Student: 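Can you read through this structure? Questions will come right after.
For clarity, every value in this text was computed on a predicted model and none was experimentally measured.
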Amino acid sequence: MSTRSSRRKVIKNDDAQEEEEEQQVFMFNGQSYSTYQEMVEAKRQRNRDVLVSSGLLEAKAAMDNAAMEQKRAAASSRGLKRAAKVPSAPLPRRKSSRLSGEKAPGIYIENESAGKFEIAGGSYMVEPEKPEFYNRRINDGSDLTVAEAVEHTGSKWVKDNTVANAEYFMKTALQDIVEDMPIISPKKKKGSPTSVAKGPAGGASYGITGKDLQSNIDSLSVDDETYVAKVVPDRIYGLACHPSPNKLVVCAGDKKGHLGIWNVDQYAANDSSKCTTDGVHLFKTNGGAISSLAWNASGTSLLSSSYDGSVRLFDVNKQVFEEVFATYDTDDQYKDKLGYGTDDGYNSWIQSMLIDQRYESGKCFFLSTSEGGVMHIDLRSKGKVTFNQVLSERKINTVSLHPNGHTMATAGLSAMVQTWDVRKIQSNSKTSTKPPKAIAWQHTGRSVNSAYFSPSGKHLLTTTQSNKLELLENAHESSGLMKQAKTSIRHDNQTGRWLSTFMANWHPGTFSNRELFVVGSMKKPRCIEIFDDKGELLREIQGDALTAVASRCCFHPNSSKLIIVGGNSSGRVTVAR
DNA sequence: CTATCGGTTAGAGGT
DNA sequence: ACCTCTCCACCGATAG
């Protein structure tokens with residue numbers, strides 16, 4: 001349909017000279033109108049009709065109603081609470097130096113880009129603000145006591161009893177929890193490890209099967225606000241449960257380097273009137289986002305890796321956060337550091353960490369970097385970098401080790417999933433004779449958030465930016481281009497820039513040959529999804545207490561009942577049990 | 001090839 | 001009820 005009006009000049013009388021008067025006719029939709037205004041009115045009426053007939057008005061009304069109905073529930077107030085604001089004295093009125101006649105020193109901005117600028121002119125030079133420690137780390141790398149780690153969180157979070165509460169929990173309560181743990185780990189064989197040690201989490205089979213498993217899954221709920229607490233101030237990157245089968249202690253690491261530890265059942269165990277913390281204890285252990293958090297199998301040490309390039313280890317017996325690894329550039333002053341020469345520049349950081357389960361101590365781990373590097377660190381004796389190799393041109397998001405103990409999967413921004421033989425990776429990119437070669441690979445079109453081997457090793461589970469969850473069968477046996485995944489689940493993984501990316505995560509045990517994984521979801525109402533290794537959606541857990549997207553989720557590794565924890569973008573942790 | 005931009009996305013906290 | 005802040009997540013396009 002034409003919406004253009006046509007304008008015609010009609011000459012009424014050719015002969016009459018003074019009859020040169022123009023008479024205009026305004027055409028619209030085949031109708032003629034004698035005045036412009038009438039034509040416009042007709043056009044407006046047409047537009048109104050189109051709007052009404054399109055149904056958009058009804059649709060809008062329906063949406064408005066729906067929006068009214070599902071009003072956002074208020075976020076849980078359990079957990080961290082800010083110290084009350086102290087009203088500050090009004091600042092003295094600023095005096096203009098220009099008005100008071102002071103002369104500028106004749107400086108000007110020489111070069112400005114990306115938020116940085118150089119000041120030139122005169123003798124006045126402004127030194128760019130230098131961070132106090134390498135890569136804005138929390139300190140020079142020395143040990144951090146529990147009290148210091150609490151104090152680093154700042155006055156906003158530290159109240160009268162905060163330090164004492166945290167010290168009591170870390171020293172007494174946590175030690176009790178560790179001592180209370182049954183000894184599950186089998187004796188370790190001497191010599192070079194051939195398979196992943198069956199720690200409490202390592203692929204142990206659980207008694208729950210068939211109907212019991214389903215009813216266990218069905219019983220999971222997030223209805224009560226006691227299931228939610230603010231554990232860290234900012235967005236959650238790393239999430240981990242303490243491996244104790246009897247107690248629920250959840251740890252979360254946030255964007256700013258905070259570590260929050262939530263003793264979930266403190267209320268049940270203690271007289272609630274005495275609890276001022278809701279069981280939440282906050283520390284700051286790293287200077288940048290905590291990219292990964294993990295407990296060793298025996299629950300004695302907690303490792304945190306950070307964007308600031310450091311890895312800290314909290315040992316329950318030593319009661320300090322020890323910097324066990326940190327990246328440094330090739331400046332001579334760092335020559336003696338373990339991480340000498342592992343920092344590739346200003347936009348290089350540790351993207352993920354994986355505890356190497358072949359060694360029970362938890363003293364060996366893999367690190368992946370934003371520059372596509374993978375390192376293996378071994379702290380058992382003096383501390384060494386077993387290897388440090390560039391495996392990708394772009395950031396590597398996750399590293400996963402197959403239970404066979406030698407097939408490693410990497411995934412990241414290069415839009416590829418790749419497998420490698422760790423036994424064949426030489427120690428250093430610079431000195432090795434040949435660069436490492438992938439055993440197998442698959443192209444995913446877009447970046448891969450994560451790729452994890454299932455506890456049995458049968459499946460490699462990927463979460464991708466092309467909105468898929470995929471299960472690759474026996475990926476450790478393929479070479480060359482991998483076969484397309486048999487199971488591919490459509491899943492909205494567009495979390496945008498304010499939420500942590502989704503990373504579908506396995507339960508570390510098996511359920512008589514059945515395996516489970518958990519993943520967050522953008523669906524409304526908000527929910528957490530559980531799938532099995534066939535790709536079947538077993539449950540969407542939703543409830544009144546789950547009001548925000550749980551972008552990082554994991555299972556409790558050892559509880560005989562299923563427990564899921566999820567972390568959201570405001571530092572809150574939700575427990576489904 | 002590198003840097004930068006705009007678009008997308010969700011939630012809390014303050015007024 | 002609105003407005004503001006988040007600012008290395010990632011994609012695709014564009015400029016230099």
Student: Are there more than 12 heavy atoms of other residues, nucleotides or ligands under 6.0 Å from atom CD of E393(A)?
Tutor: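 Check fails, neighbour count at 12 or below.
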
Student: Between dA12(B) atom P and I236(A) atom CD1, what is the distance in whole Å?
Tutor: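 Taking atom P of dA12(B) as the reference, CD1 of I236(A) is at 12 Å.
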
Student: Indicate yes or no for a side-chain donor-acceptor contact from E515(A) to the backbone of H507(A) under 3.5 Å, with no hydrogens or angles considered.
Tutor: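 Such a contact is absent between E515(A) side chain and H507(A) backbone.
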
Student: For H242(A), check ring-ring contact (aromatic ring centres under 6.0 Å, His included) against everything at least two apart and list the hits.
Tutor: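 Listed in chain order: W295(A).
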
Student: Taking CZ from R572(A) and P from dG11(B), how many angstroms apart are they, rounded to a whole number?
Tutor: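 To the nearest whole Å, that distance equals 12 Å.
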
Student: Once ring-ring contact (aromatic ring centres under 6.0 Å, His included) is applied, do any residues pair with F325(A), and if so which ones, sequence neighbours excluded?
Tutor: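 Per chain and number, F325(A) pairs via ring-ring contact (aromatic ring centres under 6.0 Å, His included) with no residue.
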
Student: Does the side chain of K230(A) get closer than 4.0 angstrom to OP1 or OP2 of dG13(B) through an N or O atom?
Tutor: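 Checking K230(A) against dG13(B): at least one side-chain N or O falls below 4.0 Å of OP1 or OP2.
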
Student: Given the P atoms of dC7(C) and dG14(B), what is the spacing between them in whole Å?
Tutor: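 That atom pair is separated by 16 Å.
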
Student: Nearest whole Å is fine: how far is dA10(B) C1' from K523(A) NZ?
Tutor: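 So the NZ-C1' distance, K523(A) to dA10(B), works out to 18 Å.
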
Student: Could you write nucleotides 3-12 of chain C as a row of B, S and -, 5' to 3', where a protein heavy atom under 4.0 Å of any base atom gives B, of only sugar-phosphate atoms gives S, and otherwise -?
Tutor: ---BBBBSSS

Student: What's the CD-P distance between E393(A) and dT2(B), to the nearest Å?
Tutor: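 It is 10 Å, rounded to the nearest whole Å.
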
Student: Quote, to the nearest angstrom, the C1' distance that separates dT9(B) from dC11(C).
Tutor: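 My reading of the C1' atoms in dT9(B) and dC11(C) gives 13 Å.
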
Student: List the residues meeting salt bridge (charged side-chain N to carboxylate O under 4.0 Å, His left out) with K156(A), not counting sequence neighbours, and say none if there are none.
Tutor: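 K156(A): no salt bridge (charged side-chain N to carboxylate O under 4.0 Å, His left out) contacts found.
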
Student: Of the residues in residues 543-551 of chain A, which ones touch DNA chain B at a heavy-atom distance under 4.0 Å?
Tutor: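 DNA chain B contact set from residues 543-551 of chain A: A548(A), V549(A).
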
Student: Is the backbone of C554(A) close enough, under 3.5 Å, to the side chain of N505(A) for a donor and an acceptor to pair up by distance?
Tutor: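 Checked: no pair found.
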
Student: To the nearest Å, give me how far apart CE (M522(A)) and C1' (dG11(B)) are.
Tutor: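 Distance, rounded to whole Å: 11 Å.
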
Student: Would you kindly compare S76(A) and T495(A) by the position of their nearest DNA chain B nucleotide and give the one closer to the 5′ end?
Tutor: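 Going by which nucleotide is closer to the 5' end, it is T495(A).
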
Student: For atom C1', what is the distance between dT8(B) and dC2(C), given to the nearest Å?
Tutor: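 Each nucleotide's C1' atom is 22 Å from the other's.
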
Student: Could you tell me whether the side chains of T495(A) and T501(A) share a donor-acceptor contact shorter than 3.5 Å?
Tutor: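 Checked: T495(A)/T501(A) side chains show no N/O donor-acceptor pair below 3.5 Å.
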
Student: Could you tell me which residues satisfy ring-ring contact (aromatic ring centres under 6.0 Å, His included) with H281(A), sequence neighbours excluded, listed by chain and number?
Tutor: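 Expected list: F169(A).
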
Student: Can you tell me if S352(A) and S292(A) form a side-chain donor-acceptor pair at under 3.5 Å?
Tutor: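 Result is no, nothing qualifies.
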
